[in-house]
> 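Pasting a structure below so you can have a look.
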There are 2 protein chains.
Amino acid sequence: MIIKETSRRLDPEKVVDSALAIADDEGPAAVSFRKLAAQHDVTPMALYRHFKDKDDLLAAIGDRILADVVLPEPNDERWDKQLHKLLTAFVTALRAHPRLADMTLPRILIAEPGLALAERALELLTEGGFAVDDAAEVGRQAICSLISLVTTDPIAREVSDPEAREASLRRKRASLGALSPDRYPLITSAAGALICPESRDRYYEIGLDLVVAGIRGLRA
Amino acid sequence: MIIKETSRRLDPEKVVDSALAIADDEGPAAVSFRKLAAQHDVTPMALYRHFKDKDDLLAAIGDRILADVVLPEPNDERWDKQLHKLLTAFVTALRAHPRLADMTLPRILIAEPGLALAERALELLTEGGFAVDDAAEVGRQAICSLISLVTTDPIAREVSDPEAREASLRRKRASLGALSPDRYPLITSAAGALICPESRDRYYEIGLDLVVAGIRGLRA
DNA sequence: ACCTGAACACCGTTCAAGT
DNA sequence: ACCTGAACACCGTTCAAGT
């Protein structure tokens, strides 16, 4: 039996590891073939053997994130409760990569974990009384809302650079603080919550509840 | 009375016009100082007199879009019905710029039309029984969901390039068509709706109904 | 099959200088 | 105040060539 010596110098999976790390820290725009090539001691052009173009690399990042979704086992709870848990599992995986959550959207109906999630969501929605085509529309919208819940997470933003985060908060406080309480009484009195929600868990709880409540309400 | 001759060669408002046109056609990434400078017969550096940096220019685009929001007059309908109309007005303005809708988010609590929208939304939410801090959280989430509704509008995408759009649809059809109906019975049977919703108006109607139904449901 | 070298056509932004 | 010129430090991607 011959153990094949690994002859390839470049491991695409490790390139995606690096890309994911850069994107988490500095955002997807900071990911570049040239930087990745330098990190892996190859020419930028070497990457084109493994990724068609930059979009292809970003798609691989999306797939990586989706691979972390851990679907809950079906049980005998009500469809809406199970849907809540299913969507929570999706959000949990995305929360690890707040700046990258939207890379999953174009991969959901392509990557296997995304397909499993979608199929299960459609099962629960049809169980809840939706026609399959309506379930598709509602499910898509739910996924989109939850992705944007994560991408716009006000607490996670710029977490890599705490002083940039502080500066951004200070700017927001200053701008809302300058508003006239007569013209904008509710905005000024809700300024705290508008600038940054008190608790991150509560932020996600409200977001998920809102999505599931919408689905429940639409069916009626 | 002296009519001041306009001495400035560069009108920042016209630069934003051009930037908006480019961004609508080719996406925000295609907007560049160099391209805009060429279009306005100046050096790229001339733009830095009028815009701090590229982010500042994109913020101006966000403000432009928000300026098109036409708020409905308050009336004596129920709070949730009025909220539906308010949010519809927001979505209507965004729909004119599907690829740019998310540039409005960071400008909502800064640009005047965004503040007016936010204040009115908070009014209706508190009228509906939300505490002001909860209203803030719920309102933010609603705005985010609706922005993502527009940015991911499956019908508007790549509308500038109809054959790219066709190619993308074909790719999606092929990829869903290759799935096993045994493993993914619901996805395959909903393939049509998943690839592209039948009607654009219905797409937006469902999206808006879902958001308002969620808010109504959360209050209870 | 996998990688390199050189080149093309772009970017945002800084700095010093002109009027 | 407003604009220019030259430069710096980047990009993605193509093409032809090497092993």
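Computed from a predicted structure; not experimentally measured.
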> Atom CZ of B:F33 to atom C1' of C:dT14: distance rounded to whole Å?
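Value for this atom pair: 13 Å.
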
> Rounded to the nearest angstrom, tell me the gap between atom CZ in A:R34 and atom P in D:dC8.
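Taking CZ of A:R34 and P of D:dC8, I get 17 Å after rounding.
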
> Does a nitrogen or oxygen in the side chain of B:H50 sit under 4.0 Å from OP1 or OP2 of D:dA1?
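So the side-chain polar atoms of B:H50 never come under 4.0 Å of the phosphate oxygens OP1 or OP2 of D:dA1.
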
> More 5' along DNA chain D: A:R49 or A:A30, using each one's nearest nucleotide?
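Its nucleotide being nearer the 5' end, the pick is A:A30.
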
> Should C:dA9 form a Watson-Crick or G-U wobble pair with both distances under 3.5 Å, which nucleotide is its partner?
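Base-paired to nothing in any strand shown.
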
> Round to the nearest Å and state the distance from B:D41 atom CG to D:dC3 atom C1'.
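Those two atoms, CG and C1', are 13 Å apart.
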
> Determine the contact category for B:K35: base if any of its heavy atoms lies under 4.0 Å from a base atom, sugar-phosphate if only primed atoms, P, OP1 or OP2 are that close, otherwise nothing.
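Touches sugar-phosphate only.
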
> For B:E26 and C:dC10, what is the distance between atoms CD and C1' respectively, to the nearest whole Å?
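It is 13 Å, rounded to the nearest whole Å.
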
> Would you kindly give the NE2-to-P distance between A:H40 and C:dC3, to the nearest whole Å?
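For the pair A:H40 NE2 and C:dC3 P, the rounded distance is 12 Å.
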
> Output yes when B:E112 and A:R183 qualify as a salt bridge under the 4.0 Å nitrogen-oxygen rule, no when they do not.
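Looking at B:E112 and A:R183, the cut-off is met.
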
> Nearest 0.5 Å please: distance from the SG atom of B:C196 over to the CZ atom of B:R173.
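It comes to 8.5 Å.
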
> Run the salt-bridge test on A:R202 and B:D134 with the 4.0 Å N-O cut-off and return the result as yes or no.
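A salt bridge links A:R202 with B:D134.
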
> Any salt bridge linking A:E13 with A:R64? Criterion: basic side-chain nitrogen under 4.0 Å from a carboxylate oxygen.
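Counted as a salt bridge, because a side-chain N and a carboxylate O are separated by less than 4.0 Å.
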
> For D:dC11 and A:S32 - does any side-chain N or O of the residue sit under 4.0 Å from the phosphate oxygens OP1/OP2?
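Indeed, a polar side-chain atom of A:S32 lies that close.
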
> With the threshold set at 4.0 Å, does a side-chain nitrogen-carboxylate oxygen contact exist between B:R200 and B:D153?
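The answer is yes: the pair qualifies as a salt bridge.
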
> Whole angstroms only, please: what is the CE-C1' distance between A:M45 and D:dC11?
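It works out to 14 Å between those atoms.
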
> If we take the C1' atom in both D:dC10 and C:dA9, what is their distance in whole Å?
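These two C1' atoms come out 14 Å apart once rounded.
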
> Output yes when at least one side-chain N/O atom of B:R9 is less than 4.0 Å from OP1 or OP2 of D:dT4, else no.
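For D:dT4, OP1 or OP2 has a side-chain N or O of B:R9 closer than 4.0 Å.
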
> What integer distance in Å separates A:Y48:OH from C:dG5:C1'?
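Checked: the OH to C1' distance equals 15 Å.
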
> Rounded to whole Å, how long is the line connecting atom CG of B:L47 with atom C1' of D:dT4?
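Interatomic distance, CG of B:L47 to C1' of D:dT4: 13 Å.
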
> Does the structure show a Watson-Crick or G-U wobble partner for C:dA16, both distances under 3.5 Å? Name it, or say none.
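Pairing partner, where one exists within any strand: D:dT4.
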
